[in-house]
Amino acid sequence: MFLRFLIAAFVLVGAFADAGSFERGEALFKKECGSCHAGYIPAERLKKNFFESNNTLLRLKAPTVNMLAYAITRGPRKIGDPSDSEMRQAEVEAYLEEALTHPDRDESICDRTLMRYYALKKPFGRKLTEGEYADLARYFLDYRRHRLARESKRRSVKKLSDFPDEKAILAEAKRQHKRLIIEAESEYCHYCKTMKKKVIDAPDVSRILSRDFLLVSVDVGHSKLPFGLQKVYRRITPSFFFLDSDGKLINHYPGSWNRHDFLQILEENREKRGGN
């Protein structure tokens, strides 16, 4: 039964995984699942809720959308092979149908140490169509990429995933007449989050960054640094690399900086901008 469904889903994926599939899946999730599954909550806050407050802070009754997307795509029991996108789409569809129609905690791919906090899940209230399963699968598979892209649009800091390649990064910096900064960060780096909140997002720092620099952030836990910077990277997050218009390294500043010192760093490198 499961194998027949998997084969059928694999055949149908081309019909349903179109350009609007993610948006339809997002709307479906919010409408049908939003009453139980909360929206995005940062990992740091989730850790505090579960491991420091025993779920008394957020009182979650089910995994959040980003917890589900992580479990499906990147967790220890993730679904499918990331290198085979079509087969993975089919496998996620099959998993979702099984999980929604026959929920079983013993078969859950989510963190089982947190199961005691969640309400018992009942079978889904209605039968989803094959197209809806395809859209829901696409939503989870592309969730992280879309979330990061949306975040990038709301701030001056860009993500590496916003650009197809190194040439595009340099072209954008030249188009805006800005000095390029590559920041090495990590999703779970406490100092990165602290510096972003207290320094990068400070009005005076943000104003200078937006005016004079193109800051591209790279999560080194998932991507290699561009422009050959991996060779000089000291495995310290955050780290800031200032590059010239050809992508050559000018200055490297490892570690977290306070607002005053970071403003000085920006000023020193901004003054050198005209010579390149």
Side-chain angles (χ1 to χ4, degrees), residues 22 40 42-44 142-276:
F22 174 87
Y40 172 75
E44 190 172 296
D142 288 350
Y143 173 81
R144 185 170 185 270
R145 178 171 63 83
H146 278 263
R147 180 179 67 79
L148 293 176
R150 287 169 179 174
E151 285 183 359
S152 180
K153 289 180 180 179
R154 294 194 295 265
R155 62 192 183 195
S156 58
V157 180
K158 298 295 183 182
K159 294 289 184 180
L160 183 64
S161 56
D162 294 334
F163 303 93
D165 52 33
E166 294 179 358
K167 289 182 179 179
I169 299 174
L170 292 176
E172 182 64 16
K174 290 178 180 178
R175 185 185 71 80
Q176 297 187 31
H177 304 286
K178 294 180 178 180
R179 164 62 49 79
L180 177 61
I181 309 174
I182 301 296
E183 177 193 5
E185 65 163 5
S186 171
E187 184 176 3
Y188 302 106
C189 169
H190 169 74
Y191 296 105
C192 299
K193 292 180 173 66
T194 299
M195 186 172 174
K196 179 187 181 304
K197 182 178 180 181
K198 295 184 177 181
V199 180
I200 302 296
D201 289 346
D204 50 353
V205 175
S206 180
R207 183 172 59 254
I208 293 174
L209 283 172
S210 298
R211 185 188 66 198
D212 298 319
F213 298 92
L214 175 62
L215 175 55
V216 178
S217 180
V218 181
D219 186 338
V220 292
H222 302 287
S223 304
K224 289 185 177 181
L225 292 168
F227 304 107
L229 297 175
Q230 205 69 32
K231 298 177 182 178
V232 295
Y233 173 50
R234 301 177 186 174
R235 306 296 188 273
I236 298 174
T237 54
S239 286
F240 299 88
F241 304 86
F242 289 77
L243 281 63
D244 68 14
S245 59
D246 295 319
K248 298 296 175 58
L249 180 64
I250 299 172
N251 283 313
H252 172 204
Y253 301 88
S256 180
W257 302 84
N258 63 37
R259 176 178 153 277
H260 177 270
D261 290 344
F262 195 66
L263 281 170
Q264 185 62 38
I265 289 172
L266 294 179
E267 182 64 22
E268 290 173 359
N269 285 276
R270 184 172 67 86
E271 289 174 353
K272 298 174 184 177
R273 217 178 103 199
N276 292 297

Nearest atoms (heavy-atom pairs only) where Pro238 meets Cys192 | N-SG, 3.6 Å
Closest contact, heavy atoms only, Tyr191 versus Ser256 | O-OG, 3.9 Å
Do Pro226 and Leu160 touch side chain to side chain, with heavy atoms closer than 4.5 Å?
-> yes
Which pairs, with at least one residue in residues 255-265 and sequence neighbours excluded, count as a salt bridge (Lys or Arg N to Asp or Glu O under 4.0 Å)?
-> Asp204-Arg259
Geometric class of the Phe241/His252 ring pair [parallel <30°, tilted 30-60°, perpendicular >60°] | parallel
Among pairs that include at least one residue of residues 228-238, which meet salt bridge (Lys or Arg N to Asp or Glu O under 4.0 Å), considering only residues two or more places apart or in two chains?
-> none
Nearest heavy-atom contact between Thr237 and Cys189 is OG1-SG, 3.3 Å
Any idea how Phe242 and Phe213 line up, ring-wise: parallel (<30°), tilted (30 to 60°), or perpendicular (>60°)?
-> perpendicular
With Glu44 via salt bridge (charged side-chain N to carboxylate O under 4.0 Å, His left out) - residues at least two apart = none
If a pair satisfies salt bridge (Lys or Arg N to Asp or Glu O under 4.0 Å) and one of its residues is in residues 163-172, list it, with sequence neighbours excluded.
-> Glu172-Arg175
Residues in salt bridge (charged side-chain N to carboxylate O under 4.0 Å, His left out) contact with Asp142, at least two apart in sequence or another chain | Arg138, Arg145
To the nearest 0.5 Å, how far apart are CG in Asn269 and CG in Leu180?
-> 11.5 Å
How about Asp212 and Leu266: do any of their side-chain heavy atoms sit closer than 4.5 Å?
-> no
Please, which pairs that meet salt bridge (Lys or Arg N to Asp or Glu O under 4.0 Å) have at least one residue in residues 216-227, sequence neighbours excluded?
-> Arg144-Asp219
Non-hydrogen side-chain atoms of Ile200 and Leu209 separated by less than 4.5 Å | yes
After noting the C-alpha distance and the side-chain angles of Phe227 and Leu249, does the key distance pass the side-chain contact (heavy atoms from CB on, under 4.5 Å) rule?
-> CA-CA 8 Å; Phe227 304 107; Leu249 180 64; over 6 Å; no
Looking at side-chain heavy atoms only, is the closest gap between Arg211 and Arg270 below 4.5 Å?
-> yes
With side chains defined as the heavy atoms from C-beta onward, is the minimum distance between Thr194 and His190 less than 4.5 Å?
-> yes
Any side-chain heavy atom of Met195 within less than 4.5 Å of one from Val199?
-> yes
pair Asp246-Lys174: side-chain heavy atoms closer than 4.5 Å | yes
Nearest non-hydrogen partners of Leu214 and Ala173, listed with the distance = CD2-N, 3.7 Å
Residues Glu185 and Ser217: side-chain donor-acceptor under 3.5 angstrom = yes
Atom pair NE2/CD1 of His260 and Ile265 - distance to nearest 0.5 Å | 11.0 Å
Evaluate side-chain contact (heavy atoms from CB on, under 4.5 Å) for Leu243 paired with Ile182, printing each intermediate quantity in order.
-> CA-CA 8 Å; Leu243 281 63; Ile182 301 296; 4.2 Å; yes
Under a 4.5 Å cut-off applied to non-hydrogen side-chain atoms, are Asp201 and Ser206 in contact?
-> no
Give the minimum heavy-atom separation between Gly255 and Phe240, together with the two atoms involved.
-> O-CE1, 4.0 Å
Does Ser239 use its side chain to pair, donor to acceptor, with the backbone of Ile236 at less than 3.5 Å?
-> yes
Apply the test ring-ring contact (aromatic ring centres under 6.0 Å, His included) to residues Tyr40 and Tyr143: give CA-CA distance (whole Å), side-chain angles for both, the deciding distance (0.1 Å), then the verdict.
-> CA-CA 10 Å; Tyr40 172 75; Tyr143 173 81; 7.0 Å; no
Between Val220 and Leu225, is a side-chain contact (heavy atoms from CB on, under 4.5 Å) present by the stated rule, with each step listed?
-> CA-CA 7 Å; Val220 292; Leu225 292 168; 4.0 Å; yes
